Amino acid sequence: MSAVLKFAPTKRRLTTPRERWLQELINSEREDRNREADEYARRIADLQTHARKLGQIALNLQEAQARAQVGVEVKEKAGELRQKFHRLADEWRKETKHTSSVEEMVLHPNYLKIIAMGKDAIALLLEELERKPDHWLVALHVLTDEDPASPESTFYEAVQAWLEWGKQKGYLT
Amino acid sequence: MRNAELEEDFPKLKTGGYRVTSDEDVGYNCIAWALYDTRQYWQYMRGRTKGYYWPIKWNNTLASWMEVFRLHGFNPCEDGELESDTEKIAIYVRPNGMPSHVARQQESGKWTSKLGKGHDIEHDTLALLEGDDADEYGEVEVFMKRQRKIGSAWSNEQTATETT
């Protein structure tokens, strides 16, 4: 509803020509004013619509910015996690290279820290297993509660079974 | 040819006779190598993770290692002196009593070892891998022997005898 007031025509009976002339003048003036009022009302409505659109655009921009920020933070976190994983894995590999005991390998502090990274470590472990096979089978077994290898598997056969599993589950491409 | 990384982890190799005889391989370990098996990683797995082989149901103790070698024809003996027609192994034990390594004697009297996940080496003496520094394996505590078969006949034996 328009907020602009319109002039209503008078109901009084007119007697003299002057009165009628004046009345026509007034009526003509009134129609002009009413047209102007309609025009203002239309412009106000247009401005309101425009303002609403601008408001929506601003809101969308804010949301996009927030999403981008979250995306950057997630990416940064993933990068930090990857960096931490590789540092722990490289040290572990060097420090357990000459032990034959898998028990000693998995009780190494770095191995335990990798397991403590939780499910975020699964993809990293599988990538590492693919890049440079090593004794990550226990960590994968613990983190996934699965073991895709057959009971008679040799170490390398078990590695292959885990890589296939990783592809099926979407961890590896 | 000397290997700086090996000598860092086993300092006595710096002044001892040894040579690297294979590339690194994470797929088998010292027990496997002592029994001529380069296909499997011999390890008792408490959590039942697959990909490892252990022929008995005992855990990873010196007694269980000795039982595994007994299953393959070895019996305890006094020392690592070279004897004709006899093949010997030497089990290293850490100060905490846990077995850490096993080496096999060659016909030349020298020893051959698979160093964990790393190289196979031939070493002149058992003492070169002994000690408590760096990655050293502790001390040799047990010797075992069996009749040496011609060539690599032992390597063809079936190792999958499971006992309780």
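Each chain gets a letter, A, B and so on, in the order its sequence line appears, and its residues count up from 1. Because the structure is predicted, anything quoted here is derived from the model rather than measured.
Remark: A:Q83 CD is loosely packed, at most 12 non-hydrogen atoms of other residues, nucleotides or ligands lying under 6.0 Å away. Heavy atoms from other residues, nucleotides or ligands lying under 6.0 Å from CD of A:E95 number more than 12. Under a cut-off of 6.0 angstrom, the local environment of CZ in B:R46 is sparse, with at most 12 non-hydrogen atoms contributed by other residues, nucleotides or ligands. More than 12 heavy atoms of other residues, nucleotides or ligands shown are found within 6.0 angstrom of CG on A:D46. With a 6.0 Å radius and a threshold of 12 heavy atoms from other residues, nucleotides or ligands, B:E78 has its CD atom at or below the threshold. Within a 6.0 Å radius of CZ in A:R131, more than 12 heavy atoms belonging to other residues, nucleotides or ligands are found. The 12-atom threshold is exceeded at NZ of B:K12, counting heavy atoms of other residues, nucleotides or ligands nearer than 6.0 Å.
Looking at A:E157, the atoms closer than 4.5 Å to chain B (heavy atoms on both sides) all sit in the side chain, from C-beta outward. Neither the backbone nor the side chain of B:E136 comes within contact range of chain A; no heavy atoms are under 4.5 Å apart. Contact of B:N59 with chain A is not made at all, since no heavy-atom distance falls under 4.5 Å. Only the backbone of A:S150 comes within less than 4.5 Å of a heavy atom of chain B; no side-chain atom from C-beta onward does. With a 4.5 angstrom heavy-atom cutoff, B:Y28 does not touch chain A via any of its atoms.
Shown here for A:D147 and B:K50, the closest heavy-atom pair between the two residues is OD2-N, 2.8 Å. Considering every non-hydrogen atom in both A:S101 and B:N60, the closest pair reads OG-ND2, 3.9 Å.
Between the side chain of B:Y41 and the main chain of A:Y156, no donor-acceptor pair closer than 3.5 Å is present.
By number of non-hydrogen pairs under 4.5 angstrom with chain B, the leading residue of A:A161, A:A149, A:P148 is A:A149. When B:T49, B:L6, B:D9, B:I31 are compared by the number of non-hydrogen pairs under 4.5 Å with chain A, B:T49 comes out ahead. Put simply, of A:R93, A:M105, A:H141, A:H98, the one with the most heavy-atom pairs under 4.5 Å next to chain B is A:H98.
Counting only heavy atoms from C-beta outward, the side chains of A:K97 and B:E5 approach each other to under 4.5 Å.
Cluster annotation: A:L124 is connected to A:W136 through the hydrophobic network of ILVMFWY side chains, with a link wherever side-chain heavy atoms come within less than 4.5 Å. B:Y92 and B:W42 fall into different hydrophobic clusters, where Ile, Leu, Val, Met, Phe, Trp and Tyr side chains are chained together by heavy-atom contacts under 4.5 Å. Criterion: ILVMFWY side-chain heavy atoms under 4.5 Å apart, direct or through other members. Under it, B:Y137 and B:I91 are not part of a common hydrophobic cluster.
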Could you walk me through whether A:H135 and B:Y52 pass the side chain to side chain contact (heavy atoms under 4.5 Å, CB included) check? CA-CA 10 Å; A:H135 293 262; B:Y52 299 96; 2.7 Å; yes
Take B:K114 and A:S100, measure what side chain to side chain donor-acceptor pair (under 3.5 Å) needs, and give me the verdict at the end. CA-CA 9 Å; B:K114 169 71 160 67; A:S100 75; over 6 Å; no
Where do B:V26 and A:K132 land on the side chain to side chain contact (heavy atoms under 4.5 Å, CB included) test, with the steps shown first? CA-CA 10 Å; B:V26 299; A:K132 194 168 185 181; over 6 Å; no
